[in-house]
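Shown next, in structure tokens, is the structure this report addresses.
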Protein chains: 2
Amino acid sequence: MPNGHDTIPAKRPLTLRDVSEASGVSEMTVSRVLRNRGDVSEATRNKVLEAARELGYVPNKIAGALASSRVNLVAVIIPSMSNMVFPEVMTGINEVLENTELQPVVGITNYKPEREEAVLYQMLSWRPSGVIIAGLEHTEAASAMMAAAGIPVVEIMDTDGDPIDSAVGISHRRAGRAMAQAIIDAGYKRIGFLGTKMPLDHRARKRFEGFTEVLAKNGLEIVDREFYSGGSALTKGREMTETILKRNEDEPLDFLYFSNDMIGAGGLLYCMEKGIDVPGQLGLAGFNGIEFLDGLPIKLATMDAMRLEIGRTAAEIIAKRVNDPQGAGETVTLTPELALGQTLKKVKKPL
Amino acid sequence: MPNGHDTIPAKRPLTLRDVSEASGVSEMTVSRVLRNRGDVSEATRNKVLEAARELGYVPNKIAGALASSRVNLVAVIIPSMSNMVFPEVMTGINEVLENTELQPVVGITNYKPEREEAVLYQMLSWRPSGVIIAGLEHTEAASAMMAAAGIPVVEIMDTDGDPIDSAVGISHRRAGRAMAQAIIDAGYKRIGFLGTKMPLDHRARKRFEGFTEVLAKNGLEIVDREFYSGGSALTKGREMTETILKRNEDEPLDFLYFSNDMIGAGGLLYCMEKGIDVPGQLGLAGFNGIEFLDGLPIKLATMDAMRLEIGRTAAEIIAKRVNDPQGAGETVTLTPELALGQTLKKVKKPL
DNA sequence: ATGAAAGCGCTAACAC
DNA sequence: GTGTTAGCGCTTTCAT
């Protein structure tokens with residue numbers, strides 16, 4: 001032992017039987033005490049608790065789960081942990097699950113379908129009580145596994161599609177449309193798009209589709225676009241903004257639509273530094289409503305992805321269904337508000 | 001079924017026996033095939049795989065783990081997921097574990113010792129192959145559990161203390177001392193401190209102690225301090241900076257030391273907005289080296305907490321020890337570099 | 001190369 | 001209120 005923590009070094013991990021012997025109470029009753037189940041007299045209860053504490057017994061959930069075929073785990077499968085959106089979803093999930101027996105277990109897919117399939121397989125092999133998974137697009141095998149698992153499955157973030165069981169999210173197509181409409185209403189015409197180089201980010205794709213759809217209806221097109229991958233989003237936003245503005249100096253752009261707020265913030269900082277008049281000369285908008293935007297000198301127009309709410313609702317659906325396995329799936333579509341901030345001209349909508 | 005995913009709805013979850021019956025191969029051999037263990041003829045192997053795929057069989061790890069008393073899980077216990085530092089640690093852990101059989105399972109403590117104890121208990125009850133846990137300070141019960149668990153335990157982030165088994169991190173005391181020295185060397189005298197209101201953030205506390213220690217040795221003291229809790233760190237940094245500067249207008253501060261880079265960035269944005277000459281009139285420094293700083297107009301002086309490296313090293317220690325349970329604990333102290341950025345005057349150190 | 005039997009540590013179900 | 005018995009679905013061990 002490298003230091004002063006004094007403990008009973010356990011060769012063989014302790015079992016219920018050890019507690020049973022130490023307390024002189026049957027294994028079954030020990031089990032009851034440790035799970036607060038069934039009637040146990042105060043006296044034996046204390047004897048057991050005392051013995052367990054004394055020995056430092058930690059129950060073996062593996063054995064418990066096998067015997068009871070109940071596993072209080074919820075598989076949460078998300079693309080990434082590094083872009084601020086999923087940590088917040090997790091917070092929402094945690095908030096709700098903390099008040100239940102359920103415990104989230106997180107798997108990361110890095111936006112790769114085959115990775116998602118593998119992670120899902122791993123997680124399902126622990127026989128969780130439910131699955132919360134980002135997105136509606138999965139490999140065929142993954143969809144089949146979830147459908148066959150016989151547990152509640154909630155697909156989150158997006159509701160533009162066909163859920164396996166339940167879904168909670170926003171319509172990203174609608175989000176793209178709404179932003180396009182706001183930009184058009186404000187009178188901008190020469191619009192640039194800056195986004196991630198991620199063909200597999202279906203939600204970004206749907207927003208883009210909704211966006212261009214409304215532009216088209218109004219006789220407009222995206223004038224230029226710029227993509228990035230990897231690196232610090234703030235830095236990339238700055239660089240991409242410089243690039244796209246320089247490339248269009250002859251016929252300048254009057255609006256930049258960023259596929260996320262982090263690159264949007266980078267763009268905003270760049271504009272402020274260069275003394276570009278925002279929103280007069282150039283309008284800006286992002287997507288996500290990251291809280292961090294509040295700290296910027298001026299607020300970026302954006303649309304909240306309602307991450308916290310999505311996490312909470314998804315967890316609630318799972319919690320409900322665990323106690324009511326017969327329950328049917330449901331789809332909850334949340335409707336985010338457009339936050340105009342200070343980077344979008346406030347122009348009256350033409351009649 | 002709410003939609004078009006065609007699957008075999010499984011009433012009773014499939015078992016090895018189902019695959020055995022479907023393939024006409026004994027359960028034991030099926031098990032061998034599915035785990036790639038022992039010699040199995042190519043013919044039976046294919047029969048089994050075919051049957052398993054056909055049925056959509058997902059092995060039950062609960063049963064497997066109980067029978068083999070081997071669980072390929074690594075418990076990762078961290079205070080929070082929302083402040084950018086731990087996601088990066090996770091990335092490092094994942095990178096390494098991806099190349100092994102091991103899988104991380106994350107628990108969040110919210111900086112509460114009693115929560116940490118509870119989470120640890122939960123995790124240990126799954127009999128993981130190892131534990132990675134943030135910090136060296138735990139409740140007595142938590143320390144005892146880890147010491148008695150008979151598995152490798154790596155305490156991360158901090159090495160100023162007494163590890164249970166292994167530790168990987170930096171010396172936060174040294175980090176505080178180094179930053180203080182750099183500030184003093186640059187000639188700043190009237191130093192303010194801005195931090196989190198978190199008595200249980202031992203690492204912040206140690207940095208602070210190291211910091212004031214060096215100031216004291218040089219006949220200096222912190223002139224004023226300001227604390228926050230909750231909210232957007234960027235916003236809070238901005239507000240706190242305003243507050244502390246205003247409060248000391250009579251005898252102005254010439255340096256602000258922020259306990260993390262996010263509030264530091266907020267302070268920096270505030271200064272730029274107000275036209276405060278940084279680093280001439282006022283120097284600034286933070287802590288953590290978050291990549292995001294690169295996107296700011298000028299770079300904040302900071303010290304990298306080496307999160308990625310810590311995560312990787314911790315995971316490596318676990319991976320190594322799982323295959324060598326006799327191995328002894330080890331302590332790895334990483335030494336971060338001070339990044340002066342552009343918010344600290346470059347003044348020659350007085351001879 | 002394959003199979004049969006025993007049991008991992010716990011809990012459901014049923015006594016008493 | 002407490003104890004007994006029989007598994008949960010796998011893997012270990014030992015035969016063959």
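Below, chain A is the first sequence line, B the second, and so on; all start at residue 1.
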Specify the separation, in whole Å, of atom [atom1] of [X] and atom [atom2] of [N].
X: L34(B); N: dT11(D); atom1: CG; atom2: C1'; result: 13 Å
X: L66(B); N: dT12(D); atom1: CG; atom2: P; result: 12 Å
X: I62(A); N: dT11(D); atom1: CD1; atom2: C1'; result: 14 Å
X: R12(B); N: dC8(D); atom1: CZ; atom2: P; result: 11 Å
X: E42(B); N: dT2(C); atom1: CD; atom2: P; result: 11 Å

Under 4.0 Å, counting only non-hydrogen atoms across every strand here, what does S69(B) touch: a base, just sugar-phosphate, or nothing?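 No contact at all - S69(B) keeps every heavy atom at 4.0 Å or more from the nucleic acid.
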Using a cut-off of strictly less than 4.0 Å, decide whether S26(A) has a side-chain nitrogen or oxygen near OP1 or OP2 of dT4(D).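 So the side-chain polar atoms of S26(A) never come under 4.0 Å of the phosphate oxygens OP1 or OP2 of dT4(D).
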| said: Whether T44(A) contacts dG1(D) is assessed here as follows: a side-chain N or O lying under 4.0 Å from the phosphate OP1 or OP2. Is that the case? | reply: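 Looking at the OP1 and OP2 atoms of dG1(D), neither is under 4.0 Å from any side-chain N or O of T44(A).
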Pair [X] + [Y], salt bridge at N-O below 4.0 Å:
X: D18(A); Y: R12(A); result: yes
X: R312(A); Y: E316(A); result: no
X: R115(B); Y: E98(A); result: yes
X: D165(B); Y: R321(B); result: yes

Whether over 12 other heavy atoms sit under 6.0 Å from R35(A) CZ:
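Enclosed.
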Residue pair V33(A) / T44(A), side-chain heavy-atom distance below 4.5 Å =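 The answer is no, as the side chains (C-beta and beyond) never meet within the 4.5 Å cut-off.
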Given protein heavy atoms under 4.0 Å, the one-letter contact record of nucleotides 10-16 of chain C, with B base, S sugar-phosphate only and - none, is simply BBBB---
